[in-house]
2 protein chains.
Amino acid sequence: MSIVRRLEPIHLKSLRDHVHDTLREAIISGRFRTDEKLNERQLAAELGISTTPLKEALRQLETEGLVRTEARRGSYVTFNARQAEEMMLARAALESVMAQQAARHATDAQIALMKTHIEQMRAALQEADIARLIELNEYFHDTIHDASSCEYLRRLQNGQRMYDHAARVTVLADETERVRSFAEHEAIMLAIAERNEDEAERLMREHVMLAGEKHLITVFSYTPAEKRK
Amino acid sequence: MSIVRRLEPIHLKSLRDHVHDTLREAIISGRFRTDEKLNERQLAAELGISTTPLKEALRQLETEGLVRTEARRGSYVTFNARQAEEMMLARAALESVMAQQAARHATDAQIALMKTHIEQMRAALQEADIARLIELNEYFHDTIHDASSCEYLRRLQNGQRMYDHAARVTVLADETERVRSFAEHEAIMLAIAERNEDEAERLMREHVMLAGEKHLITVFSYTPAEKRK
DNA sequence: AGTTGAAATTTGATATATCAAGCTGTGAAA
DNA sequence: TTTCACAGCTTGATATATCAAATTTCAACT
């Protein structure tokens with residue numbers, strides 16, 4: 001059906017992307033205070049680069065919503081509990097749409113791959129191999145993104161990848177969560193395999209919301225205003 | 001309850017933002033072919049600026065998903081019917097979450113403002129004042145965004161503002177659509193006023209999807225793969 | 001005819017220099 | 001004590017110069 005790819009194309013990452021990733025990771029893992037000022041020259045000096053790639057990275061962080069820039073004033077970190085909650089809401093919204101699209105567009109090969117992931121997760125769950133579980137978790141979601149054929153949505157989602165990873169690490173540390181998470185993943189896979197778009201969407205939404213709320217409570221001791229009915 | 005704002009803060013828009021807006025508008029309204037290459041020096045020369053602000057604008061467009069940059073190769077426009085469909089899906093996902101949050105967080109003053117918008121829309125609808133209707137439409141959605149207290153989601157959504165505007169212009173040109181759109185807006189406002197979060201979310205989602213599909217069909221003669229059940 | 005490879009050229013990536021807006025602090029005038 | 005003006009400094013915005021990767025061209029070779 002499709003030609004086997006012998007070699008992956010080479011992608012060099014530019015200095016800008018490197019800076020972008022580095023800053024993003026630092027902000028999300030809390031190494032910058034909220035509203036901390038980011039001095040272009042000082043940061044560039046710290047990183048040992050010129051201001052040009054740094055400025056570009058700041059612009060990317062800005063559109064991602066992690067940095068706010070006031071003209072001729074400076075750039076400031078923007079990250080707090082409310083923002084983390086919004087990132088969870090955004091993730092729930094986007095992932096659920098992609099799950100719905102995956103139920104519509106997935107190839108049989110992609111569905112088979114998801115089934116494989118589920119089986120590997122079942123094994124990792126029993127062995128309590130958390131690192132492996134996190135890895136499989138990300139493969140599973142990636143496969144769904146792939147299957148959705150949603151390039152644009154994926155890119156939007158991508159800005160949150162670091163945050164999603166942090167959330168997974170937190171949530172999967174807890175045994176009860178691991179068991180529930182696995183059951184949810186299996187249900188999502190089955191809904192996609194059955195081409196049940198609405199069910200896939202609903203389940204994914206529920207899955208992300210539950211994991212997200214757990215993460216918020218654990219890390220920020222933050223409970224969303226009130227539970228939805 | 002809240003202090004009346006006497007003066008709006010002054011916001012100078014930088015050259016970068018100007019370039020960003022200009023290019024975004026040009027791409028979405030189709031003045032660049034899909035996959036057209038964007039030559040940094042040539043574009044900078046055309047705009048009469050240096051490459052620095054242009055590069056920054058390109059980075060913003062890149063995270064917004066309208067431009068794709070391959071390191072040491074160049075930047076290319078990314079916009080086609082499938083992407084337009086995905087933008088519609090993203091809008092539906094994000095706007096519906098904001099509607100849900102608005103039902104939770106809106107102040108009485110914000111709800112009153114929305115009611116005002118609805119009444120003004122009713123008048124504009126009867127007079128078939130399309131320009132006014134488009135304007136009110138945008139005020140109405142903005143008020144919901146405000147009421148949701150979702151800064152981050154708003155920012156994500158903001159990358160699509162131009163596209164949303166284009167969609168409104170297309171859709172509201174049609175009388176049947178105007179009438180339906182108005183009814184949907186009124187229902188959304190009522191759901192938010194009643195603090196019915198789930199209903200507000202569902203209605204907003206439906207509203208955006210219907211308008212989006214109409215727009216796709218009109219502009220791209222593009223029907224999404226198949227209607228959802 | 002097809003392939004190869006090195007020179008020429010294009011172009012994005014990066015560095016550096018310059019400009020101008022905003023902040024700070026001092027001191028004099030009211 | 002308060003106000004205000006101005007100088008000096010900081011810093012983001014912008015322009016320009018330099019570097020190096022990628023593409024193209026075209027002739028030599030098989």
Side-chain angles (χ1 to χ4, degrees), chain A residues 6-24 26-27 32-79 155 158, chain B residues 7-24 26-27 32-79 155:
Chain A
R6 303 288 300 278
L7 295 171
E8 284 297 312
I10 294 171
H11 288 300
L12 296 174
K13 69 178 152 213
S14 61
L15 197 45
R16 169 220 322 152
D17 289 333
H18 211 266
V19 173
H20 179 211
D21 288 347
T22 305
L23 285 179
R24 181 158 67 180
I27 292 172
F32 287 93
R33 269 176 296 108
T34 299
D35 289 325
E36 179 162 351
K37 179 162 188 182
L38 298 174
N39 182 308
E40 291 192 355
R41 286 176 194 181
Q42 182 189 321
L43 263 182
E46 269 182 51
L47 294 164
I49 58 171
S50 83
T51 62
T52 313
L54 178 69
K55 287 174 80 66
E56 293 186 70
L58 285 177
R59 295 297 85 76
Q60 296 186 287
L61 291 168
E62 194 183 351
T63 31
E64 279 173 21
L66 292 176
V67 158
R68 158 180 47 93
T69 298
E70 296 175 23
R72 281 164 241 275
R73 291 275 177 80
S75 298
Y76 302 85
V77 171
T78 299
F79 191 69
R155 191 182 304 268
N158 206 40
Chain B
L7 294 171
E8 284 297 312
I10 295 172
H11 287 300
L12 296 173
K13 66 182 152 207
S14 61
L15 199 44
R16 171 218 321 152
D17 290 333
H18 211 266
V19 173
H20 179 211
D21 287 348
T22 305
L23 285 179
R24 181 158 68 178
I27 291 172
F32 287 93
R33 269 177 295 109
T34 300
D35 288 325
E36 180 162 350
K37 179 163 187 181
L38 298 174
N39 183 309
E40 291 191 355
R41 287 179 193 181
Q42 181 189 322
L43 264 182
E46 270 182 52
L47 293 164
I49 59 170
S50 83
T51 61
T52 313
L54 178 69
K55 289 174 77 68
E56 293 186 69
L58 286 176
R59 295 296 84 76
Q60 296 186 288
L61 291 168
E62 192 183 351
T63 32
E64 280 174 20
L66 293 176
V67 157
R68 158 181 46 93
T69 299
E70 297 174 22
R72 283 161 238 276
R73 290 274 176 80
S75 298
Y76 302 85
V77 171
T78 299
F79 192 68
R155 190 183 303 268

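Chain identifiers are assigned alphabetically (A, B, ...) following the order of the sequence lines, protein sequences preceding nucleic acid strands; residue numbering begins at 1 within each chain. Small disclaimer: the values here were computed from a predicted structure and weren't measured.
Residues that satisfy the side-chain hydrogen bond (donor to acceptor under 3.5 Å, both in side chains) test with A/N39, not counting sequence neighbours, are absent from this structure.
The phosphate of C/dA13 (OP1 or OP2) has a side-chain N or O of B/K55 nearer than 4.0 angstrom. Between A/R16 and the phosphate of C/dA13, there is a side-chain N or O to OP1/OP2 separation shorter than 4.0 Å.
The base of C/dA15 is paired with the side chain of A/T52 by a donor and an acceptor separated by under 3.5 Å.
Ion pair A/R24/A/E64 flagged as a salt bridge, since at least one NZ, NE, NH1 or NH2 atom sits closer than 4.0 Å to an Asp/Glu carboxylate oxygen.
Of the candidates D/dG12, C/dT16, D/dT16, the closest approach to any side-chain atom of A/S50 belongs to C/dT16. Here the side chain of A/T69 is nearest to one of D/dA13, C/dA15, C/dA13, namely D/dA13. The side chain of B/R73 sits closest to D/dT23 out of C/dC23, C/dT14, D/dT23.
Taking every heavy atom of both residues into account, B/A57 and B/V19 meet most closely at CB-CG1, 3.6 Å.
Within the structure, salt bridge (Lys or Arg N to Asp or Glu O under 4.0 Å) pairs that include any residue of residues 39-57 of chain B comprise A/R59-B/E56, B/R16-B/E56, B/E40-B/K55 (at least two apart or interchain).
Between A/L58 atom CG and D/dT11 atom P the separation is 14 Å, expressed in whole Å.
Annotation: proximity of residues 37-49 of chain A to DNA chain C (heavy atom, distance under 4.0 Å) is found for A/R41, A/I49, numbered in ascending order.
Across all strands, A/S75 comes closer than 4.0 Å to no nucleic acid atom at all (heavy-atom distances).
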